[in-house]
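Right, one structure below, let's go through it.
Residue numbers start at 1 and run along the sequence shown. Any value given below was found using the heavy atoms of this structure, including those in side chains, with hydrogens, waters and symmetry copies removed.
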Amino acid sequence: MGHVRDLPKSRLGVDVENRFEPRYINIRGKADIINALRKSAGEASRVYLATDPDREGEAISWHLLEILNLDHDEDCRVEFHEITKDVVQKALSSPRPINPNLVDAQQARRILDRLVGYKLSPLLWRKIRGGLSAGRVQSVAVRMICDREAEIEAFTPEEYWTITALLSDDENPPFKARFFGTLAGKVDIRNAGEAQRIMDAVRDVPFTVISTATKERRRNPALPFITSTLQQEASRKLGFTVKKTMLIAQQLYEGLDIGPEGTVGLITYLRTDSTRISEAATREARNFIKERFGTQYVSDVRQQPESKKPGIQGAHEAIRPTSVHREPSSLTQFLTPDQFKLYRLIWDRFVASQMSAAVYDVRTADIQAGPYLFKASGSRLRFPGFTVLYSEGEDGKADNEEEFLPELKEGQELSLIGLEDEQHFTQPPPRFTEAMLVKALEEKGIGRPSTYAPIIQTIQDRGYVKKVQRRFVPTDLGKVVVNLLREHFAEIVDIEFTANLEKKLDLIEEGEVSWRSVLEEFYGPFAERLARAERLIGKVEIPAEMTSEKCEKCGRPMVVKEGRYGKFLACSGFPECKNSKPLLLEIGVPCPLCGAPIVERHTKTGRVFYGCSAYPQCSFTSWDKPVSERCPVCGGPMVERRSAQGKTSLKCTNRECPAAGGDGKRPKEAG
């Protein structure tokens, strides 16, 4: 049921003059729950509080303690990390008092966020426009996205070339060797002329092997999931948003009806930064692997790195199935498709983490051609180990193994079959996907994994960033807000400052510092900057993008503005003329039904779809982007379809055509 008490929405709710004393109220709409709990507690001989095993859960238990008038010293708090019969019964046998340090850490976070949000957001309303917000963590996330965009805009591509030789030892299939440089070191090829000179120099000279090496390479399995790695992998492999991942993981944790066993929690607690696994779970997994795959697939080394946080967090485990014997295939009929996908991902990752390493034979060769040096390498899988079950995804990388080289000898001459040169350009850093942003926030110590989903949702809802092909792009509004905060509230968008605040919250949890002292240290300088900014900042105008289109009501130029659901056209004479209309972005493809231009549109939730510009006369819509190419099989319309891993392919929309992607169905209509 979540929180029952909180700071009031209508006012600050923090007495700054009285050492930040919070003023909690019962949350509107929770009266029935509170009354039912009070009634039940009054009739019960004993009350146990079994909220989630983290700071926020501890704070909820403390609020319940207050509401129900329970004894603060009573052993009423029970904590468990999986909702299964044995674990819950064990937890009930050893209750403890509420941990005040955990409550204080959560209270400090809540008050910090309230001070920043309720003091800074009204400034943005007055200086930029209403409906905006600033947050201690969300503002840093927007800054990171803006900084990445600035890097991309400032990036100057540099040309470089590669040369590949196709060689043969006359007994085995040909293999490739890449130009490296000379015996003295690496040589970079900057233009086509340099590439041509090198190819001319080696075309008629012997290619001689000067050294070879064969080594063993072991690839260890990834550790079991923590919250952030689950969010990243579900984004890469399943195409899930962070919000969707957490929602489904919560369902798996709380429990689902799986037939004969009844309702049972399928995974352990989903908000954790520990990769620890209990002895019992490890033993169960290793026995399962031995029976299913064989003894050679059981890891001879237990991966048990310490938790990132000492103390109370040491009780946390990684995210794992509550029983490895509940194989995903046995639960298909009880789970929704998305629940099944996420459960299988968690199950596979956990079991793989206890399996042996994959072993590769890696062979390399240095090959001299005149004054130049070429290098060849290849690998061959000798033992698959954990890869029979699972391999970790990577952002923007394909998981391709090289072809294995033939066995070569020093001094051996090779036949040159052909040379190929290729032009390349250095690429700017990529924009953040959700997975990449979560990884960056975690690496920099910004926020906590449980906060990433609401942060990512908020910065989109406020119009600070938008998604283009599943990657974040800052809007003009986002850039304006970040620049204002950077100039007047440098610490709010400072990555190191925000990370240090998170460390101080950890120290509160560990009982080493007072929550009030942390707030006092932060609020003094913040209040001074707030007063100064109020004096110095004038009204900030977001520059409007002028268009050649004229307003049909008053004749003035129309401008592009950004709203809650994306960009739209508005009259430049506002507020005298309030004419506005959708901004239709043509994609350069005619409608397959009527021939009118297809345009990009947005749903009320901001999702992009494509429709005919002649709507409502023509009703063509598609979630997938139509392209001008026609199907080579049937000549029908084609669309660009992106997989969950971000790969793009063209699919035919003709239901009967074999090129329709396997299911023979047209893209779903956007409505």
Side-chain angles (χ1 to χ4, degrees), residues 1-2 36 40 44 46 48-54 57 78-95 221 224-227 230 233-234 237-238 240 244-272 274 276-295 297-298 315-355 386 388-390:
M1 295 296 182
S40 295
R46 189 78 185 270
Y48 295 98
L49 302 172
T51 49
D52 283 353
D54 57 14
V78 294
E79 182 180 340
F80 43 79
H81 298 80
E82 57 184 86
I83 303 177
T84 54
K85 183 177 179 180
D86 291 343
V87 171
V88 171
Q89 287 181 333
K90 182 178 179 182
L92 285 165
S93 69
S94 55
F225 283 128
I226 60 176
T227 306
L230 174 63
E233 194 75 340
K237 288 199 166 185
L238 306 179
F240 286 3
K244 181 175 181 178
T245 298
M246 296 302 284
L247 177 66
I248 296 172
Q250 186 75 30
Q251 295 165 358
L252 296 174
Y253 167 69
E254 289 180 356
L256 297 165
D257 186 345
I258 57 172
E261 284 192 85
T263 298
V264 64
L266 296 178
I267 65 170
T268 53
Y269 189 53
L270 60 149
R271 296 180 181 90
T272 176
S274 171
R276 190 184 71 83
I277 296 296
S278 70
E279 289 288 342
T282 302
R283 187 166 53 251
E284 183 185 66
R286 294 165 77 84
N287 288 337
F288 176 87
I289 295 164
K290 182 177 179 180
E291 294 172 6
R292 175 60 56 87
F293 298 99
T295 305
Y297 282 90
V298 180
H316 287 203
E317 280 193 71
I319 303 170
R320 61 166 176 83
T322 51
S323 172
V324 74
H325 294 293
R326 294 191 191 99
E327 295 184 60
S329 59
S330 69
L331 303 178
T332 308
Q333 60 181 314
F334 306 112
L335 307 182
T336 67
D338 285 341
Q339 288 170 344
F340 174 78
K341 290 175 185 176
L342 193 65
Y343 179 71
R344 183 175 61 183
L345 190 69
I346 294 168
W347 191 93
D348 286 352
R349 172 84 162 223
F350 167 64
V351 175
S353 74
Q354 303 302 312
M355 296 177 73
F386 73 94
V388 298
L389 184 63
Y390 175 86

Would you name the heavy atoms of [X] and [Y] that are closest together and state the gap between them?
X: Ala234; Y: Leu342; result: CB-CD1, 4.0 Å
X: Ala281; Y: Phe350; result: O-CZ, 3.8 Å
X: Ile83; Y: Val88; result: CA-CG2, 4.2 Å
X: Ala249; Y: Leu270; result: CB-CD1, 3.8 Å

Counterpart residues, side-chain hydrogen bond (donor to acceptor under 3.5 Å, both in side chains), relative to [X] (two or more places apart):
X: Gln250; value: Glu254, Arg271
X: Tyr343; value: none
X: Arg349; value: Tyr390
X: Tyr297; value: none

Look up atom [atom1] in [X] and atom [atom2] in [Y], then write down how far apart they are to the nearest 0.5 Å.
X: Ile319; Y: Ile267; atom1: CD1; atom2: CD1; result: 6.0 Å
X: Arg276; Y: Arg320; atom1: CZ; atom2: CZ; result: 9.0 Å
X: Thr51; Y: Met1; atom1: OG1; atom2: CE; result: 14.0 Å
X: Thr322; Y: His81; atom1: OG1; atom2: NE2; result: 14.5 Å
X: Met355; Y: Phe288; atom1: CE; atom2: CZ; result: 9.5 Å
X: Leu331; Y: Ile258; atom1: CG; atom2: CD1; result: 5.5 Å

(Q) We want to know whether Ser330 and Arg326 form a side-chain donor-acceptor pair, criterion being a heavy-atom distance below 3.5 angstrom. (A) no
Is a donor on one side and an acceptor on the other found under 3.5 Å between the side chain of [X] and the backbone of [Y]?
X: Asp52; Y: Asp54; answer: no
X: Ser274; Y: Ala318; answer: no
X: Trp347; Y: Val324; answer: yes

Tested for side-chain contact (heavy atoms from CB on, under 4.5 Å) against Pro224, the lone hit among Leu230, Ile277, Thr268 is Ile277
The side-chain contact (heavy atoms from CB on, under 4.5 Å) partner of Phe240 among Ile248, Leu345, Leu247 is Ile248
| task | Let me see the working for Ile346 and Phe225 under side-chain contact (heavy atoms from CB on, under 4.5 Å), right down to the final yes or no. | result | CA-CA 7 Å; Ile346 294 168; Phe225 283 128; 4.1 Å; yes
Leu92 side chain reached by Tyr48 side chain, heavy atoms, under 4.5 Å
yes
Within-4.5 Å side-chain heavy-atom neighbours: Val264 and Lys85: no
Working for side-chain contact (heavy atoms from CB on, under 4.5 Å), residues Thr263 and Leu256: CA-CA 5 Å; Thr263 298; Leu256 297 165; 5.7 Å; no
- Message: What verdict does the side-chain contact (heavy atoms from CB on, under 4.5 Å) test give for Glu317 and Tyr269, after you've listed the backbone C-alpha separation in whole Å, the side-chain angles of each residue and the deciding distance to 0.1 Å?
- Response: CA-CA 8 Å; Glu317 280 193 71; Tyr269 189 53; over 6 Å; no
ask   = Can you check salt bridge (charged side-chain N to carboxylate O under 4.0 Å, His left out) on Glu327 and Arg292, steps first, answer last?
value = CA-CA 12 Å; Glu327 295 184 60; Arg292 175 60 56 87; 2.7 Å; yes
Contacts satisfying salt bridge (charged side-chain N to carboxylate O under 4.0 Å, His left out) that involve residues 331-347 (not counting sequence neighbours) are Lys244-Asp338
By side-chain contact (heavy atoms from CB on, under 4.5 Å), Val87 pairs with (sequence neighbours left out) Phe80, Glu82, Thr84
